[in-house]
Amino acid sequence: MKIRELQEEIMALKREKNICILAHSYQTREIVEIADYTGDSFGLSIQASKTPQQTVILCGVRFMAETVKILSPEKTVYLSNPQAGCPMAEQVDREIVSAARVKYPGYTTVCYINTTAEVKTVCDVCVTSSSAVKIIERIPNENILFLPDKNLGSFLSRQLPQKNIVLLPGGCPTHVRAGRRDVERVRAEHPGALLLAHPECLPEVAEQADYVGSTTGIIEYAKTSRGKEFIIGTELSILQHLEFECPDKRFYPLSKDMVCHNMKLTTLWDVYRCMTGEAGEEIRLEEETRQKAKRCIDQMILLG
Ligand code: SF4
């Protein structure tokens, strides 16, 4: 079956079964095309809570499907490919965070949204890459324990020198694939291009960027900027989506190695088979876990 035919089958099943499909921005173009909503992990959770459909299929990684379930417990939420996990989210567990809280008493524990539901149960506040600076600034406590992304954490430390931010080890294996040499090489090749980087990148990249922001922020910046050429310092799919959406602009990868293989595990066949009940995993969370994790997300909404 051709890609187009499979997409049409999925669209027909979606209507017949009244299913909402959510796709993270790092998904391939062919999956984005069949999705009802595309965006970052928190944006997708909010969309899921507003959508009238009772069944939601998430094309992304596990913590994203968990976040959808945390905010929409009444809905049936599926992860289309159960193998798709986020290596960064899996670097910390509840025990590691609990031990760090004992080591740093009196600190406010802030976790990135890229964490499991279990980890969120032992954190005080959750942040996204776009809301992190604002939220941490508004936390009255100057002592912050941040996890699990050291690069995002060190970006926050530079932005908020008034805060004492202790970082737990961890990071995104995709974003650390680009370094100073990549910046020098691509800048030399495209001297007029602006470098847009994700805060999960190494500090040696983020410090040289013209703009540092979330994937949504990078997309918005490129779309609305008067600039015509951009070096994209985040997962490669964003470059492909931007090429599609801004045909009059030019986009260059900071590194062609910035591919998240976990995000690319999900295929159109996974989505189709999830809809027919042959594959996919329904996300189930203990109600106590869900409520505690939701408290952490509620704090983010309150402070943000
Ligand atoms: S890009 Fe990094 S943070 Fe995002 S899902 Fe892949 S490994 Fe996780």
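The analysis underlying the following values was restricted to heavy atoms, covering all of them including side chains, and did not include hydrogens, waters or symmetry mates. Quick caveat, the model's predicted, so the values are computed rather than measured.
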Visitor: Do you see a donor-acceptor pair shorter than 3.5 Å between the side chains of D124 and Y107?
Guide: no

Visitor: Around atom CD1 of I301, are there more than 12 heavy atoms of other residues, nucleotides or ligands at under 6.0 Å?
Guide: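 Yes, CD1 of I301 has more than 12 neighbouring heavy atoms, counting only those of other groups under 6.0 Å.
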
Visitor: Decide whether S237 and K264 meet the rule of one side-chain donor and one side-chain acceptor closer than 3.5 Å.
Guide: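 Per modelled atom types, S237 and K264 side chains form a pair under 3.5 Å.
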
Visitor: Are there over 12 heavy-atom neighbours, none belonging to E287, within less than 6.0 Å of that residue's CD?
Guide: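 Counting other residues, nucleotides and ligands, CD of E287 exceeds 12 neighbours.
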
Visitor: Would you please say whether a donor-acceptor pair under 3.5 Å links the side chains of S214 and D40?
Guide: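 Per modelled atom types, S214 and D40 side chains form no pair under 3.5 Å.
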
Visitor: Check whether any side-chain N or O of R177 sits under 3.5 Å from a backbone N or O of V259 as a donor-acceptor pair, and report yes or no.
Guide: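 Pair found, side chain donor or acceptor close to backbone of V259.
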
Visitor: Can you say whether the rings of H198 and H175 are parallel (under 30°), tilted (30 to 60°) or perpendicular (over 60°)?
Guide: tilted

Visitor: Will you find, in the side chains of T234 and Y26, an N or O donor that is under 3.5 Å from an N or O acceptor?
Guide: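 Yes, Y26 and T234 have a side-chain donor paired with an acceptor closer than 3.5 Å.
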
Visitor: Taking atom NZ as the centre, does K17 end up with more than 12 heavy-atom neighbours from other residues, nucleotides or ligands that are less than 6.0 angstrom away?
Guide: yes

Visitor: For atom NZ of K228, decide whether the heavy atoms of other residues, nucleotides or ligands shown that lie under 6.0 angstrom number more than 12.
Guide: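 Counting neighbours around NZ of K228, more than 12 heavy atoms of other residues, nucleotides or ligands fall under 6.0 Å, so yes.
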
Visitor: Decide whether D270 and T267 meet the rule of one side-chain donor and one side-chain acceptor closer than 3.5 Å.
Guide: yes

Visitor: With salt bridge (charged side-chain N to carboxylate O under 4.0 Å, His left out) as the test, pick out the partner of R62 among E281, E118, E90.
Guide: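 With R62 as partner, E281, E118, E90 yield a single salt bridge (charged side-chain N to carboxylate O under 4.0 Å, His left out), made by E281.
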
Visitor: Side chains of T108 and N141: is there a donor and an acceptor less than 3.5 Å apart?
Guide: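 Present: a donor and an acceptor within the cut-off.
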
Visitor: Any side-chain donor paired with an acceptor under 3.5 Å for T128 and S130?
Guide: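 A donor-acceptor contact under 3.5 Å links the two side chains.
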
Visitor: For T55 and Q53, which I'm curious about, is there any donor-acceptor pair between the side chains at under 3.5 Å?
Guide: no

Visitor: Between Y252 and E189, do the side chains contain an N or O donor and an N or O acceptor separated by less than 3.5 Å?
Guide: no

Visitor: Is the shortest side-chain N to carboxylate O distance from D210 to R187 below 4.0 Å?
Guide: yes

Visitor: Let's go through C201 and F155 carefully: what are the C-alpha distance in whole Å and the side-chain angles of both, what is the deciding distance for side-chain contact (heavy atoms from CB on, under 4.5 Å) to 0.1 Å, and is it a yes or a no?
Guide: CA-CA 9 Å; C201 289; F155 171 74; over 6 Å; no

Visitor: Between E200 and Y112, does any side-chain donor sit less than 3.5 Å from a side-chain acceptor?
Guide: yes

Visitor: Taking atom types as modelled, find out whether Q7 and E33 have a side-chain donor-acceptor pair closer than 3.5 angstrom.
Guide: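 Yes, E33 and Q7 have a side-chain donor paired with an acceptor closer than 3.5 Å.
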
Visitor: Kindly indicate whether a cation-pi arrangement holds for R29 with F244, taking the cut-offs as under 6.0 Å to the six-membered ring centre and within 45° of the axis.
Guide: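 Yes - R29 lies over the ring of F244, closer than 6.0 Å to its centre and within 45° of its axis.
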
